[in-house]
Amino acid sequence: MTAESRILELRTELDQHNYRYYVLDEPSVPDAEYDRLFNELKALEAEHPDLVTADSPTQRVGGSALSAFSQVRHEVPMLSLGNAFEESDLHEFDRRVVEGLDLPAGDLFGDGAAVDYSCEPKLDGLAVSLLYRDGQLVQGATRGDGATGEDISVNVRTVRNIPLKLQGEGWPAVLEVRGEVYMSKAGFERLNQTQIETGGKTFANPRNAAAGSLRQLDSKITASRPLEFCCYGVGQVSAPIADTHIDTLEQLKAWGMPISRELRHAAGVAECLAYYRDIGARRNDLPYEIDGVVFKVNSLASQRELGFRAREPRWAIAHKFPAMEELTRVLDVEFQVGRTGAVTPVARLKPVKVAGVTVSNATLHNMDEVARLGLMIGDTVIIRRAGDVIPQVMQVVSERRPEDARPVHIPTQCPVCGSQVERTQLVKRSKGKETVSEGAVYRCVGRLACAAQLKQAIIHYVSRRAMDIDGLGEKSVEQLVDEGLIRSPADLYQLTFEQIVDLEGFAELSSKNLLAAIEASKNPGLARFIYALGIPDVGEETAKVLARSLGSLQRVMAALPQVLTYLPDIGLEVAHEIHSFFEDEHNRTVIAQLLERGLQLQDEGELGAEFAASTTLAGLIAKLDIPSVGPTGAQKLVAKLDSLEKIIAADGIDLRQALAAKPAEAVRAFFQVPANVALALAIEAQLRDFGMHWSSEKKIAAGLPLAGQTWVLTGSLERMSRDVAKDKLESLGAKVAGSVSAKTHCVVAGPGAGSKLAKASELGLKVLDEEAFVGFLAGHGIAV
Ligand code: IVH
């Protein structure tokens, strides 16, 4: 036998042993025998270096150290999971799934549809993506911010149970496997022991140890660490693998991928809870740390139907285990004022160690939470600290309440600026009705006049992920505010060298650098700018959604709350926050000043294609929350009645052609309420204003006389309003645009027309005055 064929034989045999050992947990040979084969292969490869391949089992030793990780863009974003802490959260999740899939809901006599879920432990490590091309491992990446991660290809190759090539056959040419890299409890103990012996740094917990080991620029260090991988899903795939999540994992397992031994089916939420309890009871005996279990809707078609909300899938949830808890006393409750003015109660605690960390403060979130806890100053409480989550007050031990316990009162005036503190309003929409109730949050109305809010707003505005103005730390912001040098983010752009050079910590160079950084921040992308504004509840993700969907600051500022809820990831409450932020005079002034002072947004443009495609008429109907009309019902309705006007005007008989008796009646009843009609029309009007057309109308438009033509209206019209003129053109199939280009078919110019008319003449376009336009309409049978 040649060296080459022996090498191939040994590799195949070692791969088989690895597979049986790591994936099937059924070792087939004693370790000594494995080592003998492995050493034989190593020796042969040493003799024939030209026969060494990247996927040989000997190639898990790491390579030369890197100076930095390069970035990897995730084709399919790596998302996080929503959490359930209580059983009720899980029921709520299940209810949303059942509703989202339009399954029969539960009633007094039963739980309704039992959704088929998969159950897996939630390993406490770090998420990793592994890319296989033609069965070969070609790339490993961390999750990073979900969109971009770090290239840790060399490191993942050192993880023993990650296959360097796939077994069997039939895998898609491109297969991205996702899972958790973690460290077993035993591996962690061993590592820390070694670290102590060698004078190295010890790790606080297995999770930190896993993260610290995998993200090593020197992959030889990674290779020496007891890391393991467990696959829980796929990312990008060039061909479908299976119809369900569990079948996908089973198929991956057949291809050599380690999956959890605890993977199970559950029919409905009751079985999920049984799984949760079972794993919870065995938690301490498992060889690895878990912080909960993950439930996923098993059918991939249903997963697609449910989709995502911001960074979380609607089809999966992590059910967390209770974390370490301790008892301590509440010495006082103080109030902090945050960036958005929220006045938050904070418990000052008798210091206590929870999971190795001393805790002396805990946020109480809001006054509803204080009320829910029934908390009084002087109470003994249960504090919980879960992983890296901030300490929480879980419960009051009422038996231990001292006689001199004092109630907690929200101050009527802001502790920082003395302005009024007001309770926020909460807007909810259910069964087509909008209700406003008291919110849990109290806010100082001082806005940027409140030093606390101004400081936080500026700190947020300049932060790395916002406007990224380097050289302004929290201390400097405080000074600038306290010295009265800035009263709003717009004032940053008027700072002068003389003003800052004498401030504490500002030498000549740092002053110059700061001014340069401020100057350099003047061309932000739209999403970054929206995020930087610090709108309550608008994080980076939401800011991106707004920018991508609406395309311009002007549209974002004008958008009605109802239209905002039309965006895939924005609920009514957030929509109202956004809307009222932009309605606020002061905020509008600051934005105007920012633009005056040289800010120029970079990537403004058209409506996002994704948004444009998602704003179907069926989507609008589904958003209206008509009882018993979900997304499927809305689609059926629109298939028969293809415009909002028709749906509004439809009688019971028309509706019955599309829907069953109950939803048909619900639609009819809904549109008998004038406010509901007005709401639906307002949404539609704004969407049109933004340049949207229902896709069904596009098809109809194709047969109309002006189909495919773009018209522009300019100047004032006397015999009709511009809106009416626009409607009439659209009824003939034309698109009405706001600006003139070579693609414009015709311009209607009334008195006072300016640059658009000039441009039309320059381009030699057809121009109609009002009289000619009225004549033109008449020619198409439209009277004015
Ligand atoms: S599924 C879109 N399954 O938990 C679904 N995640 O908060 C994405 N994790 O970053 C994750 N065990 O690192 C999933 N069985 C499991 C998991 C799991 C641990 C981690 C994962 C992710 C985080 C989600």
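Each ligand, and each atom within it, is numbered from 1 in the order the structure gives.
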How far is [atom] from its nearest protein heavy atom, and which residue and atom is that?
| atom | value |
| --- | --- |
| atom 8 (C) of ligand 1 | L79 O, 3.8 Å |
| atom 18 (C) of ligand 1 | Y232 CE2, 3.4 Å |
| atom 3 (N) of ligand 1 | K296 NZ, 3.1 Å |
| atom 2 (C) of ligand 1 | P313 CG, 3.5 Å |

For ligand 1, the portion of L81 having any non-hydrogen atom under 4.0 Å away: both

E312 contact mode with ligand 1 (heavy-atom cut-off under 4.0 Å): neither

Any R178 heavy atom less than 4.0 Å from ligand 1: no

Answer yes or no: does an N/O atom from [X] fall short of 3.5 Å to an N/O atom of ligand 1?
| X | answer |
| --- | --- |
| L126 | no |
| E180 | yes |
| R143 | yes |

In ligand 1, which numbered atoms sit nearer than 4.0 Å to a non-hydrogen atom of [X]?
| X | result |
| --- | --- |
| L123 | 12 (N), 19 (C) |
| E120 | 3 (N), 15 (N), 16 (C) |
| P121 | 12 (N), 15 (N) |
| A127 | 10 (O), 13 (O) |

Stepwise side-chain contact (heavy atoms from CB on, under 4.5 Å) check, I279 with L286: CA-CA 9 Å; I279 297 269; L286 291 174; 4.2 Å; yes

Polar side chain donor-acceptor pair, Q216 to N155, under 3.5 angstrom: no

Between CZ on residue F188 and CG on residue L227, distance to nearest 0.5 Å: 13.0 Å

Taking atom [atom1] as the centre, does [X] end up with more than 12 heavy-atom neighbours from other residues, nucleotides or ligands that are less than 6.0 angstrom away?
| X | atom1 | value |
| --- | --- | --- |
| D243 | CG | no |
| R261 | CZ | no |
| R282 | CZ | yes |

Option passing side-chain contact (heavy atoms from CB on, under 4.5 Å) with H319 (candidates D89, V294, L273): L273

Any side-chain heavy-atom pair of Y182 and F229 under 4.5 Å: no

Full working for side-chain contact (heavy atoms from CB on, under 4.5 Å) between V538 and E577: CA-CA 9 Å; V538 176; E577 286 285 8; 5.9 Å; no

